[in-house]
Amino acid sequence: MLQLSVIRENPEEIIRRLGIKNFDGSEIIPQIISLDDQRRETQKMLDNLQAQNNAMARKIGVLFKSGKTAEANLLKEKTAELKNQSKDLNTAFENTKKELDDLLVRIPNLPHESVPPGKSSDDNLIIRTEGNIPKLPEGSVPHWELAAKYDIIDFSLGNKISGAGFPVYKGKGAHLQRSLINFFLEQAVKAGYLEIQPPYLVNAASGYGTGQLPDKDGQMYYAPLDDLYLIPTAEVPVTNIYRDIILKESELPVKNVAYSACFRREAGSYGKDVRGLNRLHQFDKVEIVQIVHPENSYKILDEMVEYVSGLLRALELPFRVVKLCGGDISFTSAMTFDMEVWSAAQERWLEVSSVSNFESFQANRMKLRFKDETGKIHLAHTLNGSALALPRIMAALLENNQDADGIRIPSALQPYTGFDKIS
RNA sequence: GGAGAGAUGUCCGAGUGGUCUAAGGAGCACGCCUGGAGAGCGUGUAAUCGCCAAAAGCGGUUCAUGGGUUCGAAUCCCAUUCUCUCCGCCA
């Protein structure tokens, strides 16, 4: 959520920058400012009235105590009018505030100045490409065929138990998943992240805190009986640990890592983009989250991209780093880098990580703040990134490392798998 | 799921209708004391909104959350959420 003070300071500039995200703020921004004016005006009157009320009540108390009952009763009658007025004003105040809030939560984060304009992923900026694109031998196949050939991932079994998008991993396939999770977690812990095991179901307040609600309502699985949402990413429970918290400046940066299953309804997805492991309703991901001082957040964004790059190098996967354009960047993000690995058999780039700086957007919603040395309170900046999402890593590993007699396991993973080949 | 008890500031904890402007303690910060540290002593110690260009100041709100009763609510009533104890069920 954008800060009202920021919006009021320079509305034209806000509208311009929202435009980079292809969001038209020309009506909603002035509307917000006029609602805020109205809110202030109402509060002024309400505060005044309440101050009178309080003074009167105090006076009556004193009179009763000193036995001047008649005088007290006279005053009591006077309060009725004040009470009615303040009741009406209070209703007006609450309504205005709610209206204002409803508009505010619908405004996306401002993109950073350096975010390129654009409509879709075609306008993204390729920052760099690393690693060698492998030349696959004759007869190479996409990962869904390899999965069947070596009996390591069963898609139709998932269909039977749950439905499309819920694969069943078996044998060395399951083991490889587990190895990847352990590898990612241990690397993060070595890099100074605190390991967290979060809940998989969260309440609505948490959904609002990280911005999934109300923007992505309908993309999350929802359990109405208990009013809980299945997490689409560990970002939600982990970041919300710090909801309504004032940290000490010395506690920054907070670095957390969590493995979790992730659940996404992916309503509206179809076609060959969703084939095999490309898009699932349930998948595994290791997520890194940082809460940092606003001064450092972009430096740390770069560090996080570099950290994820290191993981991909260790896995010997060719990858590229893409800076998202305004049209492709998420609702909550100010700047996002996607990391994509080359899927040799599908001959396309697959997004395996998305690293974002949310600046104070999530922090403002969550009231996540820190206190500096002088005692002043500021909103913190939040960042997160996948490190990494498993399915497409799995897809790329299977496809890129296939040869006539099986699938080679990169040496970094072998201590975790205990085998060097799936055959 | 049933019965009961409870939720107060950073923490512990007192407070059952009227200066609550929330006692007391711990913690923390600063100062004094000390060769240094500790102890001791002293001072301070929430958030949020509004008025004001800002600071200071003034006012509003906040004792789990939301309603209600009352001139006046941490305190009384109702609902919700959460925690604890016992019982039941159970990986």
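The sequence lines fix the lettering, A, B, ..., with proteins before strands; numbering per chain opens at 1. Values reported hereafter were calculated over all heavy atoms of this structure, with side chains retained and with hydrogens, waters and symmetry mates removed.
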Could you check whether A:Gln50 gets within reach of a base, just the sugar-phosphate, or nothing at all, counting any heavy atom under 4.0 Å?
-> sugar-phosphate

Between A:Gly61 and A:Lys87, which is nearer to the 5' end of RNA chain B once each is assigned its nearest nucleotide?
-> A:Gly61

Which of B:rG50, B:rC71, B:rG60 is nearest the side chain of A:Ala51? It is B:rG60

Which nucleotide in the list B:rC71, B:rG60, B:rC49 gets nearest to the side chain of A:Arg39?
-> B:rC49

Roughly how far apart, to the nearest Å, are B:rC12 and B:rC63 at atom C1'?
-> 15 Å

Gap between atoms CG and C1', on A:Asn54 and B:rG18 respectively (whole Å) = 13 Å

Of the non-hydrogen atoms in A:Ser354 and A:Thr336, which two are nearest, and what is the gap between them?
-> OG-CG2, 3.4 Å

Between B:rA26 and B:rU43, how far is it from one P atom to the other, in whole Å?
-> 14 Å

Heavy atoms under 4.0 Å, any strand shown: does A:Asn53 hit a base, just sugar-phosphate, or nothing?
-> nothing

For A:Ile377, which contact category applies under a 4.0 Å heavy-atom criterion: base, sugar-phosphate, or nothing?
-> sugar-phosphate

Side chains of A:His381 and A:Phe358: closer than 4.5 Å at any heavy-atom pair?
-> no

Quick one: look up who B:rG4 pairs with, Watson-Crick or G-U, both distances under 3.5 Å, and put none if it's unpaired.
-> B:rC84

Is it the case that A:Ser156 and A:Asn159 place a side-chain donor and acceptor less than 3.5 Å from each other?
-> no

Does B:rC41 have a Watson-Crick or wobble mate here (both distances under 3.5 Å), and if so which one?
-> B:rG31

Looking at A:Ile153, A:Ile393, A:Leu390, which hits side chain to side chain contact (heavy atoms under 4.5 Å, CB included) with A:Gln177?
-> A:Leu390

May I have the distance from A:Asn203 (atom CG) to B:rU80 (atom P), rounded to whole angstrom?
-> 18 Å

Would you give the length of the straight line joining atom CG of A:Asn203 to atom CG of A:Asn240, rounded to the nearest 0.5 angstrom?
-> 7.5 Å

Could you give the distance separating B:rG13 and B:rU8 at their C1' atoms, to the nearest angstrom?
-> 9 Å

Is a donor-acceptor contact shorter than 3.5 angstrom present between the side chain of A:Asp47 and the base of B:rG60?
-> no

Ranking A:Ile246 and A:Ala57 by the position along RNA chain B of their nearest nucleotide, the one closer to 5' is A:Ala57

Just checking A:Ile60: base, sugar-phosphate only, or nothing, at a heavy-atom cut-off of under 4.0 Å?
-> base

Rounded to the Å, how far apart are A:Leu46 CG and B:rC49 P?
-> 16 Å

Can you tell me the pairing partner of B:rG9 across any strand shown, Watson-Crick or G-U wobble, with both distances under 3.5 angstrom?
-> none

Measure from the side chain of A:Arg369, starting at C-beta and using heavy atoms only, and say which of B:rA47, B:rC49, B:rG59 lies closest.
-> B:rA47

B:rC32 and B:rG15: how far apart are their P atoms, nearest whole angstrom?
-> 39 Å

What is the distance from NZ of A:Lys78 to P of B:rC71, rounded to the nearest Å?
-> 16 Å

Tell me: CD of A:Gln43 to P of B:rC58, nearest whole Å?
-> 18 Å

Could you please name the option among B:rU61, B:rA46, B:rG50 that lies closest to any side-chain atom of A:Lys371?
-> B:rA46

